[in-house]
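What follows is a single structure, written as structure tokens, with notes after it.
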Amino acid sequence: MRIATYNVNGIKARLPRLLEWLEETKPDVACLQEIKSVTEGFPVREVEEIGYHCLVHGQKAFNGVAILSRKPARLVMTGLPGEDGLESGAEDQARYIEADYEGVRIASIYLPNGNPLPGPKFDYKLRWMERLRKRAAELWDAEIPAVLTGDYNVAPEDRDVFSASAMAGDALIEPESRAAWRAILAQGWLEALRAVHPQDDGLYTFWDYQAGAWPRDAGLRIDHHLLSPTIADRLMNAQVDKEYRGRDRASDHTPVWIDIAD
DNA sequence: ATGGTGGAGGGTCCA
């Protein structure tokens, strides 16, 4: 079974890229982030026409996540538990959706970027990561086979960025962000792409639109799959679908997938 | 010269 993640950066602009990627690589499950659409605006008909079911958690203009699957998946939750203290009437950001598919709990995650730093956006990132850590602990303690995948907006190590000095002071490599990432991993989750490619540097999943980042290969590795133990035991392969970043009207992220034994 | 580009949506924000 192939489980992929793809930050599409706007479903309306990216629909042709999404459809061709699904048809060419045929993932069983595709976790999407940054659909930048309300739930009702997601192109369900076009996606269903090529053989995928849709679970969508959207909001206007920003964020938004989805889980597409070959067979119907069962929605477990939208939104992470927690975040008491939201101002009255404020709504949480659409960054988390969790579903069951073929005996695997799958979450599509769009973790806050957190820039600029310091400030309220970075504070929100750290609070959100703590909520994610708690949700991950619940799944872990219940021994639910799980894949937590998406855009974590954290490059775990300096070798996961094209230049740590160029990125100095950025929320994606900030020590507090990395510590919060490690606090989740410390529960025991396996980071699949790094596990399959332990020695590979220059293994990136995102290249900024600006400053010629793609032609310079000035990328970051920020899209990840975290696997619970019984899924980790079934991990066969993991890879970055790099070529999609180079296509016309590409997202600034490229898809990443894992294959687990059926 | 505090840049550069892209998406969504509406008279700018987010990344």
Side-chain angles (χ1 to χ4, degrees), chain A residues 5-21 31-44 46-47 56-66 83 86-87 90-96 108-129 132 150-156 160-174 176-178 180-181 204-224 242-256:
Chain A
T5 185
Y6 187 14
N7 179 322
V8 296
N9 189 22
I11 189 61
K12 297 175 183 70
R14 210 68 61 223
L15 186 59
R17 290 290 84 76
L18 173 67
L19 295 177
E20 73 185 15
W21 167 68
C31 294
L32 309 183
Q33 302 86 34
E34 278 205 279
I35 63 171
K36 294 185 172 179
S37 164
V38 294
T39 300
E40 300 74 28
F42 192 87
V44 171
E46 290 87 340
V47 171
V56 181
H57 177 42
Q59 69 176 86
K60 186 177 176 180
F62 305 117
N63 311 313
V65 288
E83 192 69 352
L86 280 175
E87 291 178 27
E91 292 188 17
D92 204 6
Q93 299 178 11
R95 296 178 175 275
Y96 187 87
S108 180
I109 291 165
Y110 178 47
L111 209 143
N113 174 295
N115 284 304
L117 171 154
K121 290 186 178 180
F122 189 64
D123 296 341
Y124 180 71
K125 177 177 193 165
L126 295 179
R127 289 204 310 279
W128 203 94
M129 292 187 80
L132 178 61
D151 177 2
Y152 280 76
N153 267 316
V154 177
D160 296 317
V161 307
F162 67 98
S163 166
S165 57
M167 292 289 293
D170 192 286
L172 278 58
I173 69 163
E174 182 69 10
E176 279 183 281
S177 305
R178 287 174 166 173
W181 160 262
Y204 305 138
T205 66
F206 163 88
W207 297 259
D208 201 292
Y209 288 124
Q210 302 182 68
W214 169 248
R216 291 192 296 123
D217 196 28
L220 310 171
R221 194 173 73 88
I222 55 177
D223 300 272
H224 309 298
K242 188 172 181 178
E243 65 155 300
Y244 290 88
R245 180 61 182 83
R247 297 198 181 183
D248 289 340
R249 300 257 292 171
S251 172
D252 45 4
H253 294 250
T254 206
V256 185

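Small disclaimer: the values here were computed from a predicted structure and weren't measured. Each chain gets a letter, A, B and so on, in the order its sequence line appears, and its residues count up from 1.
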B:dG3 to B:dC13 separation - P atoms, rounded to the nearest Å: 15 Å
Check: A:T205 and A:I222 side chains under 4.5 Å, non-hydrogen atoms: yes
Going by atom types only, do A:H253 and A:D223 share a side-chain donor-acceptor pair under 3.5 Å? yes
May I ask you to list the residues of residues 114-122 of chain A, by number, that have any heavy atom positioned under 4.0 Å from an atom of DNA chain B? A:K121
Looking at A:E243 and A:R247, does any basic side-chain N land under 4.0 Å from a carboxylate oxygen? yes
The side chain of A:K60 is closest to which nucleotide in this list: B:dA15, B:dG10, B:dC14? B:dG10
Write down the distance between CG (A:N7) and C1' (B:dA15), rounded to a whole number of angstrom. 10 Å
A:Y209 atom OH is separated from B:dG6 atom C1', nearest whole Å, by 5 Å
Mind checking whether A:Y152 and A:W181 have parallel, tilted or perpendicular rings, split at 30° and 60°? perpendicular
Whole angstrom value for the distance that separates C1' of B:dG7 from CD1 of A:I35: 13 Å
Heavy-atom nearest pair, A:V154 first then A:M129, reads CG2-CE, 3.8 Å
Testing the 3.5 Å rule here: is there a donor-acceptor pair between the side chains of A:N63 and A:K36? no
Within residues 244-255 of chain A: residues closer than 4.0 Å to DNA chain B (heavy atoms): A:R249
Counting just side-chain N and O atoms, does A:K12 come under 4.0 Å of either OP1 or OP2 of B:dG9? yes
Roughly how many Å apart are B:dA1 and B:dT12, using the P atom of each and rounding to a whole number? 26 Å
Send over the distance from A:F206 CZ to B:dG7 C1', rounded to a whole Å. 13 Å
Whole angstroms only, please: what is the CG-P distance between A:D208 and B:dG6? 10 Å
Of A:Y110 and A:A211, whose nearest nucleotide on DNA chain B comes first from the 5' end? A:A211
Hey, does A:I222 reach any base, or is it just sugar-phosphate, or nothing, if we go heavy atoms under 4.0 Å? nothing
Quick one about A:D252 and A:W207 (side-chain donor to acceptor, distance below 3.5 Å, no hydrogens or angles considered), yes or no? no
Give me the residues of residues 13-20 of chain A where at least one heavy atom lies under 4.0 Å from an atom of DNA chain B, by number, or none. A:A13, A:R14
Just N and O in the side chain of A:K36: are any of them under 4.0 Å from OP1 or OP2 of B:dC13? no
Distance between the P atoms of B:dG9 and B:dC14, in whole angstroms? 14 Å
Taking OH from A:Y6 and C1' from B:dG7, how many angstroms apart are they, rounded to a whole number? 13 Å
Quick one: do the A:D160 and A:Y204 side chains pair a donor with an acceptor below 3.5 Å? no
Going through the distances and angles, do A:D151 and A:Y6 end up as a side-chain contact (heavy atoms from CB on, under 4.5 Å)? CA-CA 8 Å; A:D151 177 2; A:Y6 187 14; over 6 Å; no
Min side-chain heavy-atom separation A:E174-A:N115 under 4.5 Å: no
Output, in order, the C-alpha distance, side-chain angles, deciding distance and verdict of side-chain contact (heavy atoms from CB on, under 4.5 Å) for A:L111 and A:L132. CA-CA 9 Å; A:L111 209 143; A:L132 178 61; 4.1 Å; yes
Is it true that A:N7 and A:E34 share a donor-acceptor pair across their side chains at a distance under 3.5 Å? yes
Starting at atom CG of A:N63, determine the distance to atom C1' of B:dA15, rounded to an integer number of angstrom. 10 Å
Measure the distance from CD on A:Q93 to P on B:dA15 and round it to the nearest whole Å. 8 Å
